[in-house]
Amino acid sequence: MDKNYDVIVIGGGAIGLATAYHLGKRKAKTLVLEQFTFVNQLGSSAGVSRQFRIPYPDEYMVQMALDAEPYWDELQTKTDRKLLDKVGTLWFGDPDVQSTEGNIKEAEEALKALNVPYTSLTSKQIEEQYHFRDLPETYTGLFQPDGASINFKATIETLLEQCQKDPSVHLEEDSPVIKINQVDNLFEITTPKGTYIAKKLAIVPGPYINSVINLLHFTVEATYWNMSSAYFKKTDPKIQYPTWFVFQNAIGENGNQFYGFPAVDWDHPEYIRVAPDFVITPLEEPGDRTLIPNEQELAYTAEWVKDHMEGLDTNPTYTSTCLIALSKIPNKELLIDFAPRYVPNHENIVVYATGWAAKFTPFLGKIMADLALDGHTDFDITPFRLGPQFFKALQPIHSSHE
């Protein structure tokens, strides 16, 4: 196999494969290095479904969701499997609560500013139209019809299939990066399978980001959540839910925010998946990840289902987990930037890290590919850039000239 590439993509999850897909479309000679196997369950690409939504409290995030839609449409042309099941997005709860997802009032203002259609709802209307019950009268909501449930497994498999077909793209699994050297402004990447040379690096290993960028002597501050979810069997087969999120104040030290999905053909079709949007104990390191969900988190979820959802057996039948890295930097959910300036050849190292980004998968791939090849992108990434004050240097780094 050839050892020289235009771009090496480190990380073969959803965003890594989307990056390689767009690099391949531009005929860039690309290598994808995945530390596990492709379509594995050990990182933030685990599980089967994700939510696509447009509501966000910030206009730039709403715009990013709008900009992502044509890239989903383009990817859909590559597969017969339906990637987005458009069932709408329902946000409801305490309108004053600030959560990891944002705030309902602020989201309404952002949607208005960008002329995105939505419907405002009272607590009673939410109960009447969407099968929830016994909600506080003070709760409000919004419904945005373009929200969807993402067939995430099919999305990843479609991207993998496209990369496998593309002669510009080579895929290597079971290939963790163990060393990065620089030789005459080229990157020399070592894995247990061999050493490869590239002009550019796209670093997208999900929650394992620091295990790679530490080799370049810098780090990002992140916390790690081993998120739980559960499947509840429908007792009324006619009931269907949209994708939804409920905003509630925490009870004591416990989280109190939940989200859910509709029943879908590709994932236990007679079941509704509901999950807590919190963890009781964050992980210290991604290597601490477990495939066993936290029992207390599931108990809180089942209790909420029992109290507020109709047409479901309140005992979960199946469970799942997913590992996610979240930025510790306020108002920086997604981190998209070049390596810091003190890293030699930093302008040829583009990094994506942290946050919930499945909804942007094909669009993020385009952004990362353009940054890697051109050094810029038409999409304004200013809100996602870190700047040197947010990077933490581990020790000085020097390039080699041999």
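The first residue of the sequence shown is numbered 1, and numbering continues consecutively from there.
Side-chain contact between Met64 and Tyr56 is absent, with no heavy-atom pair separated by less than 4.5 Å. In this structure, Phe360 and Tyr352 have side chains that are not in contact, with every pair of non-hydrogen atoms separated by 4.5 Å or more. Side chains of Leu23 and Lys200 form no contact here, defined as non-hydrogen atoms less than 4.5 Å apart. Taking 4.5 Å as the limit, some side-chain heavy atom of Leu186 sits within range of a side-chain heavy atom of Lys199. Using a 4.5 Å heavy-atom cutoff, the side chains of Leu171 and Leu160 are in contact. In this structure, the side chains of Asp6 and Thr30 stay at 4.5 Å or more apart for every pair of heavy atoms. In this structure, Val264 and Ser49 have side chains that are in contact, with non-hydrogen atoms separated by less than 4.5 Å.
Using bins of under 30°, 30° to 60° and over 60° for the plane-to-plane angle, the ring pair Phe132/Trp244 lands in the perpendicular bin. Between His268 and Tyr271, the ring planes lie perpendicular to each other; the angle is over 60°, past the 30° to 60° tilted range. Ring geometry, Phe245 versus Trp91: the interplanar angle falls from 30° to 60°, so the pair is classed tilted.
A side-chain contact (heavy atoms from CB on, under 4.5 Å) with Ile381 is found for one member of Leu335, Val350, Ile367 and no other, namely Ile367.
Closest approach of Thr319 and Pro293 over heavy atoms only: OG1-CG, 3.5 Å. Minimum heavy-atom separation, Gln51 to Lys359: O-CB, 3.6 Å. Considering every non-hydrogen atom in both Lys82 and Asp85, the closest pair reads NZ-OD1, 3.6 Å.
Judged purely by atom type and a 3.5 angstrom limit, Thr317 has no side-chain atom pairing as donor or acceptor with the backbone of Phe232.
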Report task. In sequence, state the C-alpha distance, the side-chain angles, and the governing distance for Phe187 and Tyr196, and then conclude on ring-ring contact (aromatic ring centres under 6.0 Å, His included). Result -> CA-CA 8 Å; Phe187 298 100; Tyr196 313 94; over 10 Å; no

